[in-house]
Amino acid sequence: MLNVLFGLDFMMTAEQKQLCLDYWSVVDTQENYANHLHRLCQTYEVSPEQVFKTVQLSYAYLDDVTCVTCGMNCPIYLPADVSIMRSKDSWTCDHCLPVLERENRFYPLSPF
């Protein structure tokens, strides 16, 4: 998989872990997301809600997109996030954004 890091809950079963990995595998393909989800439901004999509930037990990060301030890897919540985040010039995490906004309020960038 292209530059996607995973964190899986240690209490997950082997099948749940595989479902999560299969869910994110759509990033590497040209497959339509809806078709991919439908195929996962058929393969694992679960509903879309069960897929999402299982995927919520894991987390995924891009290892090639990091916060410009602290260097944290960019979390992704949906496969569509991958191309969106990679298309940006830079990214600031939710923890650093308020700090940068506060600093810019007190020390605005000079137009010169």
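Quick note: residue numbers are just sequence positions, from 1.
- Here CG of L40 is found 7.0 Å from OG of S25. Values are rounded to the nearest 0.5 Å.
- The side-chain hydrogen bond (donor to acceptor under 3.5 Å, both in side chains) check on D22 picks up Q18, Y44, with sequence neighbours excluded.
- Separating the CG atom in D64 from the CG atom in L5 is a distance of 9.0 Å, to the nearest 0.5 Å.
- Here the SG atom belonging to C20 is positioned 10.0 Å from the NZ atom belonging to K17, to the nearest 0.5 angstrom.
- Both V46 and Y23 are part of a single hydrophobic cluster, where members link through side-chain heavy atoms under 4.5 Å apart.
- Between D63 and V4 there is no side-chain heavy-atom pair separated by less than 4.5 Å.
- With 3.5 Å as the limit, one finds a donor-acceptor pair spanning the side chains of S47 and E49.
- Heavy-atom contacts from other residues, nucleotides or ligands closer than 6.0 Å to OH of Y59 number 12 or fewer.
- Among residues two or more places apart in sequence or in another chain, the side-chain hydrogen bond (donor to acceptor under 3.5 Å, both in side chains) test is passed with S83 by none.
- If you chain together hydrophobic residues whose side chains sit under 4.5 Å apart, V55 and F6 fall into the same group.
- Here the CE-CG distance, from M11 to L57, works out to 10.5 Å after rounding to the nearest 0.5 Å.
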Pairs of donor and acceptor atoms involving the side chains of residues 88-99, under 3.5 Å and at least two apart or interchain, shall be tabulated with distances.
none

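- How far OH of Y77 is from CE of M85: 9.5 Å, rounded to the nearest 0.5 Å.
- Between Y33 and P79 the shortest side-chain heavy-atom distance falls below 4.5 Å.
- Linking Ile, Leu, Val, Met, Phe, Trp and Tyr residues whenever their side-chain heavy atoms come within less than 4.5 Å places L21 and L37 in a single cluster.
- With rounding to the nearest 0.5 Å, the separation of CZ in F52 from CG in L78 is 7.5 Å.
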